[in-house]
Undergrad: 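Take this structure first; my questions come after.
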Amino acid sequence: MATMPVQSSEGGFCKSMVETNGYECEDHNVTTKDGYILNVVRIPMGRCRDCRTRGNKSPVLLQHGVFVDGRSWLLLPPKQSLAFNLADNGYDVWLVNSRGTEYSEGHTSLNFDDPAYWNWSLDELVAYDLPAIFQYVYDQTGQKLHFVGHSLGTLMVMAAMSRDQLVNMLESVALLSPVAYMGHTTSLLSRVIADNFIAEVICRIPSVDCTTLLFTPYTGQNCCMKPSIMDIFLDHEPQPAAMKIVIHMCQLIRGGNTTMFDYNDSGTNIKHYGQPTPPAYNMIGIPKDLPIFLSHGGADALSDVDDVKLLLDSLQGHDPDKIVVHFIERFAHADYLMSGNAKEHVYDPFIAFLSRLH
């Protein structure tokens, strides 16, 4: 179910980060089937005189990764930001704030500090958040969506597509720093946490509150970020996330494959899934005729080159005219959001990709 749009800037970051840059902005609230109230920010048009036509192109939905929120797409100056560039090119831009982040703390029955509020992993984002948001944007615009994901955002949509969800509302998908597989990650911090079961062990300590986690993983040596952008980042990020999703990511790193959450008990898995082991998200199930723009970096420690190769292997049967694979040798994970030359190397080629679809 979904609520009606909130035509003001009180609920989200419209006033502080969008309207101050000369763009129109709307806050929308979307309620998931499991009760989470998600804030979605809409930039319906650009600010230039020639691009102030509402709805002349398809909606584009931008989904952030873990430990950040929708503001991660607005950290760069307007002329360099993907969200603002899409708006200035005539697209109807929607920025998601996932459950538990600052502007999506609401729930129909649970309090933010209730442990039950934080009982979710990737599976709930796939099963509840994305379907609710997709349906809401589709209903509001009457058009199929272009989806852009970064990091965990890419895994969310690929997991959904692998289970034949959302496909009827998708026009195209952009995967920036995709993390379908994580077994080859070279992120030292992530690897140590995963291999030594640190997330699981910490959560067994009675005095430690593991319902949320505020943590920025080591993502590789980002090549092209100005030092000043870290001050902007720290003004807004990082954001809290459920410890369960951290444990889930650790399971994917250790296992090297992509499955639903493993309760590490066959009886509990049977209760949840009807089988002793968690079902897989099979990337081969991604529709072979869906337009895909995939961009990854050679210095990315989380979206490792070898793991991206596994993803590309699973996409070998994809229509070659419907997929663009884009590799940037020097880029690491955060460069896709905060690099001063991300517009030149990533955003402009992506917008050109979109223009060819119309």
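Since the structure is predicted, the reported quantities are computational estimates derived from the model, not experimental observations.
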Undergrad: For the side chain of S355 and the backbone of A352, is there at least one donor-acceptor N/O pair under 3.5 Å apart?
TA: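 Confirmed, S355 side chain pairs with A352 backbone.
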Undergrad: Looking only at side chains, do T32 and E124 share a donor and an acceptor under 3.5 Å apart?
TA: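 Short answer, no.
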Undergrad: Picking from F331, W73, F350, Y347, what satisfies ring pair (Phe, Tyr, Trp, His ring centres under 6.0 Å) with Y336?
TA: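 Of all the options given, the one that passes is F331.
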Undergrad: Roughly how far, to the nearest 0.5 Å, is the CG atom of L337 from the CG atom of L75?
TA: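 So the gap between those two atoms works out to 7.0 Å.
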Undergrad: Less than 3.5 Å apart, any donor N or O on the side chain of S339 or N341 sitting next to an acceptor on the other?
TA: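 Side chains of S339 and N341: pair found under 3.5 Å.
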Undergrad: Show your working on side-chain contact (heavy atoms from CB on, under 4.5 Å) between V18 and I43 and close with a plain yes or no.
TA: CA-CA 8 Å; V18 181; I43 308 173; 4.0 Å; yes
Undergrad: Check D321 with R356, please: is the shortest side-chain N to carboxylate O separation under 4.0 Å?
TA: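 Here R356 does not pair with D321 in a salt bridge, since their nearest N and O are not under 4.0 Å apart.
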Undergrad: Using only heavy-atom distances, determine whether the side chains of S104 and N39 contain a donor-acceptor pair under 3.5 Å.
TA: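 Per modelled atom types, S104 and N39 side chains form no pair under 3.5 Å.
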Undergrad: Would you please indicate if the ring centroids of F84 and Y23 are separated by under 6.0 Å?
TA: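 Yes, the ring of F84 comes within the 6.0 Å limit of the ring of Y23, centre to centre.
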Undergrad: Give a yes or no answer on whether the side chain of S177 reaches the backbone of H150 with a donor-acceptor pair at less than 3.5 Å.
TA: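 Not a single qualifying donor-acceptor pair exists.
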Undergrad: Checking I292 now: which residues fulfil side chain to side chain contact (heavy atoms under 4.5 Å, CB included) with it, not counting sequence neighbours?
TA: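 For I292 the side chain to side chain contact (heavy atoms under 4.5 Å, CB included) partners, ignoring immediate neighbours, are L175, I286, L294, H318, I323.
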Undergrad: Measuring from Q143:CD to T141:OG1, what's the distance to the nearest 0.5 Å?
TA: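 Result: 5.5 Å between the selected atoms.
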Undergrad: Going through the checks in order, is the side-chain contact (heavy atoms from CB on, under 4.5 Å) test met by L130 and F147?
TA: CA-CA 11 Å; L130 274 190; F147 179 92; 4.0 Å; yes
Undergrad: Output yes when a side-chain donor or acceptor of D92 lies under 3.5 Å from a complementary backbone atom of K57, and no otherwise.
TA: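 Looks like no, no N/O pair under 3.5 Å.
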Undergrad: With the 4.5 Å side-chain cut-off for hydrophobic clustering, are V126 and I284 part of the same group?
TA: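 V126 and I284: separate clusters.
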Undergrad: Is a side-chain donor or acceptor of S162 paired with a backbone partner of G285 at a separation under 3.5 angstrom?
TA: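 Absent.
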Undergrad: Look at E26 together with R42 and state whether they make a salt bridge at an N to O cut-off of under 4.0 Å.
TA: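 Salt bridge present between E26 and R42.
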Undergrad: Aromatic rings F327 and H296: how do their planes relate, parallel, tilted or perpendicular, breaks at 30° and 60°?
TA: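 Ring orientation, 0 to 90° scale: tilted.
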Undergrad: Counting N and O atoms only, with roles assigned by atom type, does the side chain of T20 sit under 3.5 Å from a partner on the main chain of S16, one being a donor and the other an acceptor?
TA: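 It does hold such a pair.
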Undergrad: Given the rule that I, L, V, M, F, W and Y join up when any side-chain heavy atoms are under 4.5 Å apart, are L145 and V40 in one cluster?
TA: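 Linked, L145 and V40 end up in one cluster.
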Undergrad: Any side-chain donor-acceptor pair under 3.5 Å between D304 and Y181?
TA: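 D304 vs Y181: no donor-acceptor pair found between side chains.
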Undergrad: Taking the six-membered ring for Trp, is the centroid-to-centroid distance between W120 and Y128 below 6.0 Å?
TA: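 No, the ring centres sit 6.0 Å or more apart.
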Undergrad: If you define the side chain from C-beta out and look only at heavy atoms, does anything of M338 sit under 4.5 Å from Q80?
TA: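 Contact flag for M338/Q80 side chains = no.
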Undergrad: Using a strict threshold of under 4.0 Å (side-chain N to carboxylate O), is an ion pair present between D289 and K322?
TA: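 No, K322 and D289 are not salt-bridged.
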Undergrad: Just how far is it from atom NE2 of H146 to atom CD1 of I351, taken to the nearest 0.5 Å?
TA: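 It is 11.5 Å, given to the nearest 0.5 Å.
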Undergrad: Parallel, tilted or perpendicular, judged at 30° and 60°: which one describes the rings of Y263 and Y273?
TA: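 The arrangement is tilted - the two ring planes meet at 30° to 60°.
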Undergrad: Would you compute the distance between atom CD1 of I37 and atom CG of N97 and round it to the nearest 0.5 angstrom?
TA: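 I37 atom CD1 to N97 atom CG measures 13.5 Å (nearest 0.5 Å).
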Undergrad: Could you pull out the closest heavy-atom pair between L290 and M161, with the gap in Å?
TA: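 Heavy atoms only, the tightest pair is CD2-SD, 3.3 Å.
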Undergrad: Kindly determine whether D348 and K343 satisfy salt bridge (charged side-chain N to carboxylate O under 4.0 Å, His left out), including the steps that lead there.
TA: CA-CA 6 Å; D348 287 348; K343 179 182 185 297; 3.0 Å; yes
Undergrad: Just checking, is any N or O donor in the side chain of H28 or Y136 under 3.5 Å from an acceptor N or O on the other one?
TA: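 Looking only at side-chain atoms, Y136 and H28 do form a donor-acceptor pair, the distance falling under 3.5 Å.
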Undergrad: Is the number of heavy atoms from other residues, nucleotides or ligands within 6.0 Å of CG (D164) greater than 12?
TA: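 Counting other residues, nucleotides and ligands, CG of D164 stays at 12 neighbours or fewer.
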Undergrad: Quick check: are there more than 12 heavy atoms from other residues, nucleotides or ligands sitting under 6.0 Å from CZ of F134?
TA: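 Yes.
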Undergrad: When you look at V93 and L62, which way does the side-chain contact (heavy atoms from CB on, under 4.5 Å) test go after all the steps?
TA: CA-CA 8 Å; V93 180; L62 275 61; 4.3 Å; yes
Undergrad: Counting only N and O atoms by type, is there a donor-acceptor contact under 3.5 Å from the side chain of H107 to the main-chain atoms of N111?
TA: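 Such a contact is absent between H107 side chain and N111 backbone.
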Undergrad: Can you get from L252 to V305 by hopping between Ile, Leu, Val, Met, Phe, Trp and Tyr side chains that sit under 4.5 Å apart?
TA: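 No: no chain of side-chain contacts under 4.5 Å links L252 to V305.
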Undergrad: When rounded to the nearest 0.5 angstrom, what distance separates OG in S98 from CD1 in I245?
TA: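 These two atoms lie 8.0 Å from each other.
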Undergrad: Hey, mind stepping through D34 and R99 against salt bridge (charged side-chain N to carboxylate O under 4.0 Å, His left out) and telling me if it holds?
TA: CA-CA 11 Å; D34 58 346; R99 60 175 65 190; 3.0 Å; yes
Undergrad: If I compare all heavy atoms of R330 with all of D335, which pair ends up nearest, and what's the gap?
TA: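 Smallest interatomic distance, heavy atoms only, reads O-OD2, 4.0 Å.
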Undergrad: Which atom pair, heavy atoms only, marks the closest approach of T154 to G149?
TA: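 Scanning both residues, the minimum pair turns out to be CG2-O, 3.1 Å.
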Undergrad: Does K244 qualify as a cation-pi partner of F261, given the criterion of NZ or CZ under 6.0 Å from the six-membered ring centre and within 45 degrees of its axis?
TA: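 Satisfied, under 6.0 Å and within 45°.
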Undergrad: M249 and L155: which non-hydrogen atoms are nearest, and at how many Å?
TA: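 Smallest heavy-atom distance, with atoms named: CE-CD2, 4.2 Å.
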Undergrad: Could you walk me through whether V41 and W94 pass side-chain contact (heavy atoms from CB on, under 4.5 Å), step by step?
TA: CA-CA 6 Å; V41 169; W94 298 73; over 6 Å; no
Undergrad: Got P291 and F353 here, is their nearest side-chain heavy-atom distance under 4.5 Å?
TA: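 They are in contact (side-chain heavy atoms under 4.5 Å apart), so the answer is yes.
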Undergrad: Any heavy-atom pair between the side chains of I133 and L38 that's under 4.5 Å?
TA: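 Yes - at least one pair of side-chain heavy atoms lies under 4.5 Å apart.
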Undergrad: Output yes when a side-chain donor or acceptor of D114 lies under 3.5 Å from a complementary backbone atom of L110, and no otherwise.
TA: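 Not at all, since once roles are kept as given, no pair shorter than 3.5 Å links the two residues.
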Undergrad: Considering only heavy atoms from C-beta outward, does the side chain of N264 approach that of N269 to under 4.5 Å?
TA: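 Side-chain contact under 4.5 Å: no.
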Undergrad: Measure across P349 and E344 and return the closest heavy-atom pair with its distance rounded to 0.1 Å.
TA: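 So the two residues come closest at CD-O, 3.5 Å.
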Undergrad: Would you find more than 12 non-hydrogen atoms of other residues, nucleotides or ligands less than 6.0 Å from K309 atom NZ?
TA: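 Counting neighbours around NZ of K309, 12 or fewer heavy atoms of other residues, nucleotides or ligands fall under 6.0 Å, so no.
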Undergrad: Can a donor-acceptor pair be found between the side chains of D123 and Y281 at a distance below 3.5 Å?
TA: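 Side chains of D123 and Y281: pair found under 3.5 Å.
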Undergrad: Does a donor on one side chain and an acceptor on the other come within less than 3.5 Å for H333 and S303?
TA: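 No, S303 and H333 have no side-chain donor paired with an acceptor closer than 3.5 Å.
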Undergrad: Under a 4.5 Å cut-off applied to non-hydrogen side-chain atoms, are P131 and Q135 in contact?
TA: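 They are not in contact (no side-chain heavy atoms under 4.5 Å apart), so the answer is no.
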Undergrad: With rounding to the nearest 0.5 Å, note down the distance linking CG in L74 to CG in L82.
TA: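 The CG atom of L74 sits 9.5 Å away from the CG atom of L82.
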Undergrad: Just wondering, do Q251 and P278 contact through their side chains at under 4.5 Å, heavy atoms?
TA: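 A side-chain contact is absent here, since even the closest heavy-atom pair is not under 4.5 Å.
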Undergrad: Compare every heavy atom of S295 with every heavy atom of P178, then report the nearest pair and how far apart it is.
TA: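 That closest heavy-atom pairing would be CD-O, 3.5 Å.
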Undergrad: Taking N119 for the side chain and P115 for the main chain, is one N or O donor matched with an acceptor at less than 3.5 Å?
TA: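 Checking the backbone N and O of P115 against the side chain of N119, no donor-acceptor pair under 3.5 Å is found.
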